[in-house]
Each structure stands twice: as C-alpha cells, then as structure tokens.
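Here's the structure we're looking at; comments come further down.
The figures here come from the full heavy-atom set of this structure, side chains too, leaving out hydrogens, waters and symmetry mates. Treat the numbers as computed from the prediction; the structure is a model and nothing was measured. Positions are given from 1, in the same order as the sequence printed here.
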Amino acid sequence: MIDILGNLAGGFGIMFTPMAVVLCLLGVFAGITFGAIPGISPSMAVALLLPMTFRLDPILGMVLLLGAYKGANYGGSVSAVLINTPGTPSAAVTAFDGYPMTKTGRVGEAMGISLFASVFGGIIGTVVLILFAQPLAVVALEFWPSEYFALTILGLTTVATMGGKNWQKALVAVVFGLLLNTIGMDPIAGTQRFTFGEIRLLDGLSLIPAIIGLFALGELFHNIEHYAKGEKFDKLAYKLPKLRSYLKVWKNITRAGVLGTLIGIFPGAGGTIAAFISYDVEKRFSKNPEEFGKGSPEGVAAAESSNSASAGGALVPLLALGIPGSATAAVLLGSLLVHGLNPGPEMFIDEPELVYGMFASMFMANAFILLVGLLGAGLFVRVTDLKKTILYPLIFTFAIVGSYAVSSSMYPVVVCVAFGVIGWIFRRYDFPCAPVVLGIVLGSLAELSFRQALIIGGIESFYKRPLTLIMLAIAIAAVAAPIVKKRRDEKKLEKVQD
C-alpha cells in the first residue's frame with residue numbers, strides 16, 4: 001500500500017504540470033462534446049483524437065485519451081436526457097428514466113444526478129483500478145504461455161457470448177478479426193502469410209487506421225445511409241437540484257459503481273452491459289421499482305455510475321495483462337503500442353511513472369468532468385443541434401488526416417477506408433464491430449502463446465497446469481451457454497405450440 005501511495009503521489013506530480021492539465025481538460029471537453037452528439041461512441045471519440053498523440057510523450061498522450069474516454073462516457077447522457085437520443089450506446093439506459101424526467105419538467109434534476117453519478121462512479125472505478133491492477137499484474141508474472149493462451153481465449157469467448165441473442169454474429173466478428181491478424185509475417189517461423197506479394201502487408205494490417213475506419217468511418221457511413229433532416233428542439237432550462245436529491249441516491253451510485261467496475265474488468269463487457277445489469281439490480285433493491293422507466297432518479301444514478309465506473313474496470317486487464325476490456329480500451333492499447341510500450345506486468349516495473357500518471361489523470365478527468373458539466377451544460381445542449389452536413393465532413397476529414405499521419409503515406413488511408421466499408425457492412429447487417437478489433441489485438445497474443453506453449457511443454461501444457469485447464473473450461477462453458485439456452489427456449493416453444 002505504501003508503494004502504491006508513493007507511486008500515485010509521483011503520478012500526481014506529473015499531472016500537476018501545465019501541459020498535462022491543459023491536455024486533460026481538452027480531452028474531457030472533446031469527449032463530452034463528442035459523446036453528446038448521437039452516434040459517436042467513446043471508442044469513436046478516442047479513435048478520432050488518437051492521431052494527436054503521435055508526437056506527444058506517451059504519458060501526455062494517454063492523459064488526452066483518458067480524458068476523452070471519461071468525458072465521452074458522461075457526454076452520452078446529455079442527449080439521452082434531453083431528447084431521448086443516447087449519444088453513446090451505454091447512455092441508452094440513462095434515457096429510460098432521464099427523458100421521462102425531462103418531459104415532466106425535471107431536466108435539471110436529471111442532468112445533475114447524471115453528472116454527479118458519472119463523476120463519483122468514475123472515482124469508484126479508478127480506486128478499484130489502483131488497488132487491484134498491480135496485484136493482478138504480480139499474479140500474471142507467474143503465467144506460462146499456456147495461461148496467456150487460455151486467458152486470450154477466455155476473453156474472446158466472453159466477447160462472443162456478450163452478443164446476447166446475436167451471439168452467433170459476435171462470434172463471427174471475433175473469428176473475422178482473428179483471420180485478419182494472420183496477414184503478415186509468421187511470429188515464429190518468419191515466413192510470409194496472405195501478403196499476395198504486397199510488401200506493405202509484411203507488417204500486417206495497420207491497427208490504428210483499422211480502428212479509426214471501423215468505429216469512425218463505419219458509423220459515419222451508417223449514419224449517411226440513414227440520413228434524415230434533424231429536428232429543432234426548444235431551449236430547455238437547466239437548474240441543478242438541491243443536496244438532498246443527491247443524498248437520496250448515494251447508495252445507488254455506490255452499488256452501481258462497484259458492480260460496473262467488476263463487470264468492466266471482464267473483456268468485452270463494457271459500459272453498456274454494466275449499465276443494463278446495474279439498472280436491473282437497482283430496480284430489484286428499490287423500494288419503488290414501479291417508478292423505474294417513468295422518471296426514477298435511482299435509475300439515472302445507477303446507469304451513469306456503472307457506465308462511468310466500467311471505464312476503470314476495463315483498464316485493469318489492459319494494464320495488468322495487456323488485454324483490452326472494451327472497444328475503447330483496444331484503442332488505448334493501440335496508442336501504447338504506437339509509442340513502443342507493451343501493457344502487461346512488466347510495465348508496472350519498467351514504467352511506473354506512466355502507469356500511475358494514468359491513474360492520477362483519471363482522478364483529474366473526473367474533477368474536470370464535474371467542472372465542465374456544471375459550467376457548460378447550456379453549451380452541450382446546443383451541440384445536439386449541430387447540422388449533420390457540417391458534422392459528417394468533419395468526421396471524414398479527421399479520419400483521413402489521422403490515418404495519413406500514422407506513416408505519412410496513403411497505405412493507412414486505404415486501410416482506414418476499407419475498414420470503414422467493413423464497419424458499415426457490419427452495422428447494416430447487425431454485426432458488432434468491437435469483437436473485430438479485439439480479435440485483431442488478441443489474435444497475435446493467442447497465436448504466439450499457443451505456439452510457445454507447444455514448444456516449451458508440448459500439448460501437456462494445456463491440461464496439466466490447473467489454471468490453464470480452469471480458464472479453458474470456463475471458455476468452453478461460455479460458448480456452450482448461449483447454445484444450450486437457445487435449444488431450451490426452442491423446446492419450450494415447441495411444447496407450447498403442441
């Protein structure tokens with residue numbers, strides 16, 4: 001604990017420099033702005049800002065991106081509460097009760113509770129991250145390649161099963177990402193694979209343009225396909241509620257914050273699932289469950305607290321094991337890789353200033369979210385009226401320029417546009433894009449660990465090491481669960497029809 005506090009103090013020392021403060025504030029402001037615009041997810045917002053970090057020191061780049069990550073998680077609630085149009089997927093749960101509160105003239109209470117729940121939920125997530133990331137990293141140092149392989153498989157299968165009724169499509173997306181990862185040089189033998197004589201494919205597909213294309217251009221093309229003239233909304237009064245309104249929901253904020261953090265730790269879960277589960281839990285705990293969905297402050301508090309806290313949880317596997325816990329964490333992983341850093345247990349030893357500087361930046365980001373949310377609510381309300389004819393060309397320009405900046409060549413731009421088309425097709429046929437990115441990121445680790453395990457201990461490595469066997473068993477169960485559930489539902493339906 002003393003080491004953690006000492007390192008954290010060093011992290012705050014880095015954060016209290018003028019450049020770090022400015023970048024954190026800029027990231028928060030940009031994140032809230034992007035998040036308040038319907039259709040722009042936190043992963044998309046972070047992906048758009050990613051090119052700005054290429055020339056920065058790694059810690060300063062992460063400060064900017066983490067600020068945007070945290071800000072976008074809150075920003076999505078703005079349009080959700082005001083116009084029943086969630087700015088981010090996880091904000092859909094906030095709209096369940098936030099918009100009914102707005103319709104009954106309680107917009108200030110809804111916005112205020114949303115803001116404070118997001119801030120304090122984020123603090124809970126950050127505290128859990130600090131306490132558990134390093135211990136998990138110490139345990140990870142004892143992992144063999146077989147354990148890393150089992151862990152990546154567990155992460156991939158978790159993503160697939162999180163697709164709910166569309167788990168088959170999520171599984172297809174994961175496999176697609178894994179197949180894309182085979183392009184380039186064999187990590188062990190050094191031979192070419194699926195390059196078709198193209199020299200620029202020897203290093204595989206460029207990760208950053210792929211991420212920008214999938215999340216930014218894919219969403220952009222989808223929105224253009226469904227373009228419709230936006231409505232005009234009346235200016236809404238904004239007045240924060242009194243202290244007693246917050247005191248009524250502090251238990252909801254705390255429970256949802258802890259639960260959201262725990263859910264966020266699991267790869268592929270993310271803020272959306274955390275918000276839905278926490279909302280359901282709080283409804284069960286509530287003395288007035290019938291008010292949920294009709295304008296319950298408890299519902300708004302649960303959704304926003306868990307959504308914000310899940311950001312801290314998602315960084316636990318990212319920093320401790322090098323495995324992104326969400327789509328946005330995958331973008332953050334890309335930023336670290338660009339700077340030549342490999343997230344994992346060694347980073348706590350080799351780069352403690354970077355790790356604890358990131359922790360400190362998350363505390364500062366929460367403080368700036370509170371400040372910006374209090375002072376800029378009226379401005380964020382107006383952002384939702386931004387014309388799409390201006391917004392869409394800006395997004396496309398940022399994506400192209402950002403991709404070109406990766407290597408100052410047109411190859412990353414082609415990759416970006418190609419993945420933009422892939423992302424658009426995926427959205428059109430209701431295939432999730434996040435598993436594709438996680439498949440690309442985790443694929444290389446899965447392949448390398450699998451082959452290393454075979455070289456070191458042979459096939460016995462996968463069934464003689466207890467932890468490996470346990471994780472593989474859980475992975476198999478995770479894949480089998482939705483299949484079994486579907487068959488049971490089909491049998492029940494057949495009995496009812498008979």
Side-chain angles (χ1 to χ4, degrees), residues 30-31 33-51 68 72 75-76 79 85-92 159 163 166 169-170 172-177 179-180 183 205-231 270 272 326-328 330-331 334 383-406 409-441:
T33 302
F34 283 132
I37 301 172
I40 299 184
S41 63
S43 55
M44 183 176 176
V46 175
L48 288 171
L49 291 177
L50 184 58
S79 53
T85 305
T88 59
S90 56
V159 172
N166 293 327
K169 293 183 177 180
V172 169
V174 170
V175 174
F176 180 67
L179 291 175
L180 290 176
I183 298 174
L205 295 172
S206 187
L207 177 62
I208 304 304
I211 292 174
I212 295 176
L214 275 175
F215 291 107
L217 290 189
E219 188 72 31
L220 175 64
F221 295 157
H222 176 77
N223 289 340
I224 291 175
E225 182 183 15
H226 298 88
Y227 176 79
K229 188 176 181 180
E231 299 178 2
T272 305
S326 67
T328 312
V331 183
V383 168
T384 59
D385 293 333
L386 187 63
K387 292 182 179 180
K388 295 182 176 64
T389 52
I390 298 175
L391 174 65
Y392 291 168
L394 285 175
I395 292 176
F396 185 80
T397 301
F398 288 148
I400 297 302
V401 172
S403 299
Y404 182 82
V406 172
S409 68
M410 289 302 297
Y411 167 65
V413 175
V414 173
V415 173
C416 177
V417 174
F419 272 87
V421 174
I422 292 172
W424 167 59
I425 295 173
F426 269 51
R427 284 169 174 79
R428 189 173 190 181
Y429 294 100
D430 200 26
F431 281 82
C433 290
V436 178
V437 175
L438 296 180
I440 295 174
V441 172

Closest approach of [X] to [Y] (non-hydrogen atoms, all atoms of both residues):
X: A210; Y: V415; result: N-CG1, 4.1 Å
X: P209; Y: P412; result: CB-O, 3.2 Å
X: L49; Y: A30; result: CD1-CB, 4.0 Å

Euclidean distance, [Y] [atom2] relative to [X] [atom1], rounded to 0.5 Å:
X: L180; Y: F419; atom1: CG; atom2: CZ; value: 5.0 Å
X: F221; Y: R428; atom1: CZ; atom2: CZ; value: 13.5 Å
X: I422; Y: L217; atom1: CD1; atom2: CG; value: 11.5 Å

Any residue meeting side-chain contact (heavy atoms from CB on, under 4.5 Å) with I425, in chain and number order, not counting sequence neighbours
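I425: side-chain contact (heavy atoms from CB on, under 4.5 Å) contacts with V421, Y429.
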Could you pull out all residues at least two apart from F426 that satisfy ring-ring contact (aromatic ring centres under 6.0 Å, His included)?
F176, F431
